[in-house]
Amino acid sequence: MKVMLYTQYGPPEVLRLAEIPQPAPRNREVLVRVHATTVTIGDTIMRSLNIPVPGWQKVLARFYLGWNQPKRPILGMELAGVIEAVGGKVTRFQPGDAIFASTFAVNFGGYAEYKCLPEKGVLALKPVSLTFEEAAAAPGAGMTALHCLKKGRIQPGQRVLIYGASGAVGTNAVQLAAHHFGADVTGVCSTANLELVKSLGACRVIDYTREDFTQRDERYDVIFDAVGKLSPAQKKRARVLAGSFLNVHADSDGGNKREHLLRLKEIIEAGQLKPAIDRVYPFEQIVEAHRYVEQGHKKGNVVITVVDSNQD
Ligand SMILES: NC(=O)c1ccc[n+]([C@@H]2O[C@H](COP(=O)([O-])OP(=O)(O)OC[C@H]3O[C@@H](n4cnc5c(N)ncnc54)[C@H](OP(=O)(O)O)[C@@H]3O)[C@@H](O)[C@H]2O)c1
């Protein structure tokens, strides 16, 4: 099968197309034919080893990722596809099922034609309303935004501000806050993304290139920094302005669970959430996709088409 491998850290060009044997599912695994996966900022960080954390955390991250070279040479933390085969003891899925999944806990692996997943892993039947491209973009940022916002215990009509509203987590957070929790949402983003953020459900938008929202004297029930880019001074002020202040870096741990993916699927099927897609690249152009994503300005998600959906 074709895969996109990286065996050394470095620029996008370290990713290279290769052929490796197709895996076979174990007793309690399913074999997925991958239709689509994503390139996230996390993929670019793992590829480059350019980890934006303090020194001691860098050391821990490097142990996790592989000290001298990557321990997990196939990136891709989420995917959507069709189950091709199942192991002898699988009861939850059958060949032909369209699924979407997080591969975060199973050594990643979305940049491949096939991936084996434990049937009890973070996978679920694909929401019928989504294409494979949209479904591939749903798990990571969707579960993260939902998990963080739940901590705010948002009630209908409450005032919620989403900072970094145009990113993958941010575009999910705006929709979830507005359409799932029923909040009155203010989105903070740059000029080019104001219309997008409004279209996702924000009642008000603030352009961070022109105004620092923390200098306004407006109060919120919840402020969520969905991109983790507020300065220490802005965070301090946000804590004063909000009943509850949430941060994607501090509050996202524990979000990657099967029950959260199932909840996300229900929310998507209720019409309250649809992943925002910026660009779709063919598999062979993952290097270009990494170049684009690591600039840090994507709008929502960047998707990779692995297998043409019409081939099934
Ligand atoms: N995606 C996931 O599944 C996931 C899961 C867990 C944790 N995280 C973490 O959460 C953080 C956000 O991830 P993401 O995937 O949402 O990132 P992303 O999609 O790559 O974020 C890019 C967006 O952030 C905006 N942005 C950049 N600098 C900004 C600033 N100073 N103020 C406001 N907006 C700014 C950009 O808009 P402009 O054009 O205005 O710059 C762009 O739209 C990352 O640290 C990531 O590691 C992500």
Side-chain angles (χ1 to χ4, degrees), residues 37-48 50-54 57 61 65 75-79 100-105 108 110 122 135-149 151 161-176 186-197 200 202 205-214 223-235 238 246-257 260-261 264 273 275-279 289-303:
T37 182
T38 58
V39 176
T40 67
I41 197 73
D43 292 312
T44 69
I45 289 169
M46 290 189 284
R47 188 214 71 232
S48 62
N50 188 7
I51 308 166
V53 291
Q57 285 179 20
L65 293 173
L75 291 169
M77 292 190 277
E78 51 197 347
L79 59 82
F100 70 145
S102 162
T103 59
F104 188 76
F108 319 131
V122 186
M143 286 193 290
T144 299
L146 183 60
H147 184 66
C148 291
L149 287 177
K151 295 184 177 179
L161 180 140
I162 310 294
Y163 184 79
S166 56
V169 178
T171 50
N172 277 280
V174 169
Q175 295 180 72
L176 288 167
T186 300
V188 185
C189 59
S190 60
T191 320
N193 296 320
L194 295 173
E195 288 309 315
L196 166 71
V197 171
L200 297 174
V205 282
I206 299 174
D207 184 344
Y208 76 84
T209 67
R210 292 168 190 263
E211 188 183 355
D212 177 354
F213 81 90
T214 64
I223 293 178
F224 176 34
D225 179 0
V227 71
K229 298 244 169 144
L230 287 177
S231 68
Q234 287 175 310
K235 278 191 219 167
L246 303 165
N247 178 307
V248 68
H249 294 151
D251 291 298
S252 59
D253 274 1
N256 191 68
K257 294 198 174 118
H260 295 164
L261 189 66
L264 198 71
L273 179 67
I277 308 293
D278 181 350
R279 296 185 180 183
H290 268 247
R291 282 192 198 119
Y292 177 60
V293 171
E294 76 182 353
Q295 289 167 19
H297 299 297
K298 71 177 164 69
K299 306 165 199 297
N301 302 278
V302 166
V303 175

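Order of listing sets the numbers, starting from 1, for every ligand and every atom in it.
Some N or O of Ala141 is nearer than 3.5 Å to an N or O of ligand 1, by distance alone. Checked by distance only, ligand 1 and Ser252 stay at 3.5 Å or farther apart across all their nitrogen or oxygen atoms. An N or O contact shorter than 3.5 Å links Val169 to ligand 1 by distance. At under 3.5 Å, not a single nitrogen or oxygen of Thr40, backbone or side chain, sits near a nitrogen or oxygen of ligand 1.
Salt bridge annotation for Asp251-Lys151: present, with a cationic side-chain nitrogen under 4.0 angstrom from a carboxylate oxygen.
Residue Gly42 places no heavy atom under 4.0 Å from ligand 1.
Listed by atom number, the atoms of ligand 1 under 4.0 Å from Lys298 heavy atoms are 15 (O), 18 (P), 19 (O), 20 (O), 22 (C), 23 (C), 42 (C), 43 (O). The atoms of ligand 1 that sit less than 4.0 Å from any heavy atom of Gly140 are 3 (O). Ligand-side atoms of ligand 1 in range of Ser166: 25 (C), 36 (C), 37 (O), 42 (C), 43 (O), range being under 4.0 angstrom from any heavy atom. For ligand 1 and Ser190, the ligand atoms under 4.0 Å from any heavy atom of the residue are 38 (P), 39 (O), 40 (O). Each of the atoms 33 (C), 34 (N) of ligand 1 lies under 4.0 Å from some heavy atom of Gly164.
Checked against ring pair (Phe, Tyr, Trp, His ring centres under 6.0 Å), Tyr292 has no partners two or more places apart in sequence or in another chain.
By the criterion of a heavy-atom distance under 4.0 Å, the backbone of Ala226, and not its side chain, is placed next to ligand 1.
The protein atom (non-hydrogen) at minimum distance from atom 30 (C) of ligand 1 is Tyr163 OH, 3.6 Å. Among protein heavy atoms, atom 29 (C) of ligand 1 sits closest to Tyr208 OH, 3.6 Å. Among all non-hydrogen protein atoms, the one lying nearest atom 15 (O) of ligand 1 is Ala168 CB, 3.4 Å. Looking only at protein heavy atoms, the nearest one to atom 45 (O) of ligand 1 is His249 NE2, 2.7 Å. In this structure, atom 27 (C) of ligand 1 lies nearest to the protein heavy atom Gly296 O, 3.7 Å. For atom 21 (O) of ligand 1, the closest heavy atom belonging to the protein is Gly167 CA, 3.8 Å. Taking atom 46 (C) of ligand 1 as the reference point, the nearest protein heavy-atom neighbour is Ile41 CG2, 3.6 Å. Looking only at protein heavy atoms, the nearest one to atom 24 (O) of ligand 1 is Val227 CG2, 3.5 Å.
Counting heavy atoms only, Thr144 comes closest to atom 5 (C) of ligand 1 of the residues Ile162, Thr144, Val197. The option with the heavy atom closest to atom 38 (P) of ligand 1, from among Lys299, His297, Gln234, is His297. Of the listed options Val302, Thr171, Val248, Val248 places a heavy atom closest to atom 7 (C) of ligand 1.
Within the 4.5 Å cutoff, the side chain of Thr44 has heavy atoms near those of the Val39 side chain. Side-chain contact check for Lys235 versus Asn247: some heavy-atom pair is nearer than 4.5 Å. Leu161 is listed as a side-chain neighbour of Phe213, based on a closest heavy-atom distance under 4.5 Å. At a threshold of 4.5 Å between non-hydrogen side-chain atoms, the residues Leu194 and Cys189 count as touching. Side-chain contact between Thr40 and Val293: absent, with no pair of heavy atoms (C-beta onward) separated by less than 4.5 Å.
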side-chain contact (heavy atoms from CB on, under 4.5 Å) evaluation trace for Val122 with His260:
CA-CA 9 Å; Val122 186; His260 295 164; over 6 Å; no
Evaluate Glu294 against Arg47 for side-chain contact (heavy atoms from CB on, under 4.5 Å), listing each step before the verdict.
CA-CA 10 Å; Glu294 76 182 353; Arg47 188 214 71 232; 2.7 Å; yes
Please determine whether side-chain contact (heavy atoms from CB on, under 4.5 Å) holds for the pair Ile162 and Ile223, giving the CA-CA distance in whole Å, both sets of side-chain angles, and the decisive distance to 0.1 Å.
CA-CA 6 Å; Ile162 310 294; Ile223 293 178; over 6 Å; no
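In this model, a donor atom of one side chain and an acceptor atom of the other lie less than 3.5 Å apart for Thr191 and Asp207.
Minimum heavy-atom separation, Gly110 to Thr103: N-OG1, 4.5 Å. Smallest separation of non-hydrogen atoms from Lys299 and Ala192: NZ-CB, 4.2 Å.
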